[in-house]
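Residue numbers begin at 1 in each chain, while the letters A, B, ... track the order of the sequences.
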Number of protein chains: 2
Amino acid sequence: MVEQQKIDIPELKDLTIDNITENVNLINSQAPDARLKYVLERLVSHLHDFARETRLSTQEWHAGIEFLTAVGKKCTDVRQEFILLSDTLGLSLLVDSIDHPKPPASTEGTVLGPYHTHDAPHHDSLGHSISGDPEGEPLLCLCTVKTTTGKPISNAKIDIWETDSKGSYDVQYETYSGDNPDGRAVLRSDDEGVFWFKAIVPVPYKIPDDGPVGKMLRQLGRHPWRPSHMHFMFEKEGYDHLITALYLRGDPYETSDAVFGVKESLIIDLGTVTPEQAKKYDVKEGAKLLTYDFVLVTDEETKNLRDEEAKKAMKALGRDNMAIIAGLPVPDVD
Amino acid sequence: MVEQQKIDIPELKDLTIDNITENVNLINSQAPDARLKYVLERLVSHLHDFARETRLSTQEWHAGIEFLTAVGKKCTDVRQEFILLSDTLGLSLLVDSIDHPKPPASTEGTVLGPYHTHDAPHHDSLGHSISGDPEGEPLLCLCTVKTTTGKPISNAKIDIWETDSKGSYDVQYETYSGDNPDGRAVLRSDDEGVFWFKAIVPVPYKIPDDGPVGKMLRQLGRHPWRPSHMHFMFEKEGYDHLITALYLRGDPYETSDAVFGVKESLIIDLGTVTPEQAKKYDVKEGAKLLTYDFVLVTDEETKNLRDEEAKKAMKALGRDNMAIIAGLPVPDVD
């Protein structure tokens, strides 16, 4: 078997700063999966170029190894420090933008963040309060979800989550067990594509900065704050999964979100509950009001747009030998 | 304070696939340390280019997050899975080559690997056996350490480590406590630059492949084997720290080392102990013999070479605005 391997494997030797990359890519080219082969080829090439362009020192490399190890060690069931790292380096926003391209008329996506859970209560009827925090400022939320041609989408699954008035998600409390969710709900839109609920006015909060990512931000002279926002996630068969959030205009961190999630089209002005609304929705007149019309894109349209943008990107790279399979570039084996 | 930050921080908004990188680099440009700023700028640019060039999907991104988390979780005091990952992607060899450039007449460096410890016994005299494995094939090692002009280097600290005859390092056994090292020693060269010791003939071994890195290798169709070798590390004031290893010619994995450590100049042929040597060193006539003359480079020469190569690399990149400080490129603030 050893002799067999000696014959089959591309030969390496005398590796230098200049030829190590092609040699690593050569040995990785044995991967049976063409997509994995391409992803690894790009990963290794960028990793090595990074080291060559910075002339990375052994000491810095070691600091990097220790940093990544600490990030891994910080991860628990309710804390994903690697996602936080990805968020703070802008990678999460970038990947979401690539994977979920949006035509002009639709609602833009943004970062999921590390605090989505599967513990939220599911409500079959509308009008529930998702927050049990008596300190929060009451907020009535009246929303719709429609197609790009303005048709209501009924029975869409809508996952909503926000912090309490102190800026903490339920899972950040030591008393959290999974059985006592707060600031979360899963709703269903009605036949008119309407969904409404009661919540509290979102407040700015710090991403968890007591771990290695927080330390990195401090070394970079960056703050750990996110502007006030509420998360929304939409699922409906035939439509592209939408992960998004709405941001309050005028927030002090509106233009410096630690995780790069803010988009102009997702910034909203809160309104005020009218006497009629107060009566209809059983809330106080003059209370804060959030309204938003979400627009979902069909799977078909998303798929076409994804393919189109992938082809455009490969053309811009001068990679004419790529096939696009399920939206992903794969070296064309023909 | 919040208002202060609003003013000081570069404004971000409406982040797209195309402008996210410059925006992340803009916010990171607040870093007080110029070198850190440059390293992060290159890191973020390559990370984002990687995602754009692969059109990385959310699913693949998530697989990456889970992989890195598993790598972190696998790390213990005696197992560094991130170093193993760096080794198997050729990064460790590359960083060593950049940080420790070698002029033609000197001994080349190679990967440290994850099994160096600080538990090896220190011997003040020469001739000790570093291996207690009765199954190993005895090997007499007669070496010297000299300058590039052929002058002996006395009292150099030499750290040596190898596996047992089964291909396992001491720390890989559950019975290992730190107090029972085997296959290791720290020696000092004598006035003629000579150091000699008894060991066993190195055998090929698998890097630990029961973790996420092993899984990655299998997905890539790669084997986890390293060719037979013995590690050496040299420290002597005024000379560049040398981390290297000697490899046995003809090993089945000579040209496909899982961690890319083999270099032509480090491949050796074992000899045979002569009757005179057998008598002088108290070993069996006809036993295996390893001889090697190591050559260290002065700190001064290494520093000059490192600066020179860094300047050359920056010129090749078209980055004319870089100063080289302690061998490392830093944006020139003038």
Side-chain angles (χ1 to χ4, degrees), chain A residues 2 5-6 9 11-15 17 20 24 27-28 30-32 36 39 42-44 46-58 61 65 68-69 71-73 75 82-83 89-91 93-95 97-99 220-223 252 255-256 260 262-264 310 313 317 328-329, chain B residues 2 5-6 9 11-15 17 20 24 27-28 30-32 39 42-44 46-58 61 65 68-69 71-73 75 82-83 89-91 93-95 97-99 219-223 252 255-256 260 262-264 310 313 317 328-329:
Chain A
V2 154
Q5 286 180 321
K6 190 176 174 180
I9 292 168
E11 290 211 2
L12 315 170
K13 211 187 289 182
D14 250 11
L15 299 166
I17 293 177
I20 176 82
V24 175
I27 213 160
N28 285 345
Q30 304 167 89
L36 179 64
V39 170
R42 291 286 80 213
L43 178 73
V44 168
H46 281 295
L47 186 66
H48 288 194
D49 280 346
F50 163 69
R52 276 187 289 256
E53 290 172 13
T54 56
R55 314 300 297 174
L56 197 69
S57 74
T58 303
W61 169 84
I65 295 284
L68 291 171
T69 306
V71 171
K73 295 281 179 211
C75 294
F82 268 115
I83 291 186
L89 295 180
L91 181 65
L93 191 276
L94 176 59
V95 169
S97 301
I98 290 171
D99 206 23
L220 289 170
R222 286 172 53 177
H223 71 68
T255 57
S256 66
F260 305 99
V262 182
K263 293 182 178 180
E264 185 63 40
L317 277 174
L328 301 177
Chain B
V2 155
Q5 286 179 321
K6 190 175 175 181
I9 292 168
E11 289 210 4
L12 314 171
K13 211 187 290 184
D14 249 10
L15 299 166
I17 293 177
I20 176 83
V24 175
I27 213 159
N28 285 345
Q30 304 167 87
V39 170
R42 291 287 78 215
L43 179 74
V44 168
H46 281 296
L47 186 66
H48 288 195
D49 281 345
F50 163 69
R52 275 186 289 257
E53 291 172 11
T54 56
R55 314 299 297 172
L56 198 69
S57 74
T58 303
W61 169 84
I65 294 285
L68 291 172
T69 305
V71 171
K73 296 281 180 208
C75 295
F82 268 115
I83 290 186
L89 295 180
L91 180 66
L93 191 275
L94 176 59
V95 169
S97 300
I98 290 170
D99 206 24
Q219 285 183 333
L220 289 171
R222 285 171 53 177
H223 71 68
T255 57
S256 66
F260 306 98
V262 182
K263 294 183 178 180
E264 185 63 41
L317 278 173
L328 302 177

In terms of heavy-atom proximity below 4.5 Å to chain B, should [X] be classed as side chain, backbone, both, or neither?
X        : result
A:Leu93  : side chain
A:Val39  : both
A:Ile83  : both
A:Leu317 : side chain

Calculate, to the nearest 0.5 Å, the distance between atoms [atom1] and [atom2] belonging to [X] and [Y] respectively.
X       : Y        : atom1 : atom2 : value
B:Thr54 : A:Arg42  : OG1   : CZ    : 9.0 Å
A:Ile27 : B:Phe260 : CD1   : CZ    : 5.0 Å
A:Phe50 : B:Leu91  : CZ    : CG    : 8.5 Å
B:Ile98 : A:Arg52  : CD1   : CZ    : 7.5 Å
B:Leu15 : A:Lys263 : CG    : NZ    : 7.5 Å

Item to check | B:Val95 versus chain A, the contacting section by heavy-atom distance below 4.5 Å | outcome: both
Item to check | Toward chain A, the part of B:Leu68 with a non-hydrogen atom under 4.5 Å | outcome: both
Checklist outcome for this item: chain A shares the most heavy-atom pairs under 4.5 Å, among B:Leu328, B:Val71, B:Thr58, with B:Thr58
Checklist outcome for this item: If you tally heavy-atom pairs under 4.5 Å between each of B:Ala51, B:Ser57, B:Ser97 and chain A, the highest tally belongs to B:Ser57
Next on the checklist: Going by side chain to side chain contact (heavy atoms under 4.5 Å, CB included), name the residues that satisfy it together with A:Thr69, two or more places apart in sequence or in a different chain.
Outcome noted: A:Ile65, A:Lys73, B:Cys75, B:Gln80, B:Phe82
Next on the checklist: Are B:His46 and A:Leu47 packed together at the side-chain level, in the sense that at least one heavy-atom pair is separated by less than 4.5 angstrom?
Outcome noted: no
Checklist entry - Between A:Val44, A:Asp49, A:Asp99, A:Leu43, which shows the greatest number of heavy-atom pairs under 4.5 Å with chain B? => result A:Asp99
Checklist entry - Can you tell which of A:Glu53, A:His48, A:Arg222 has the highest number of heavy-atom pairs within less than 4.5 Å of chain B? => result A:Glu53
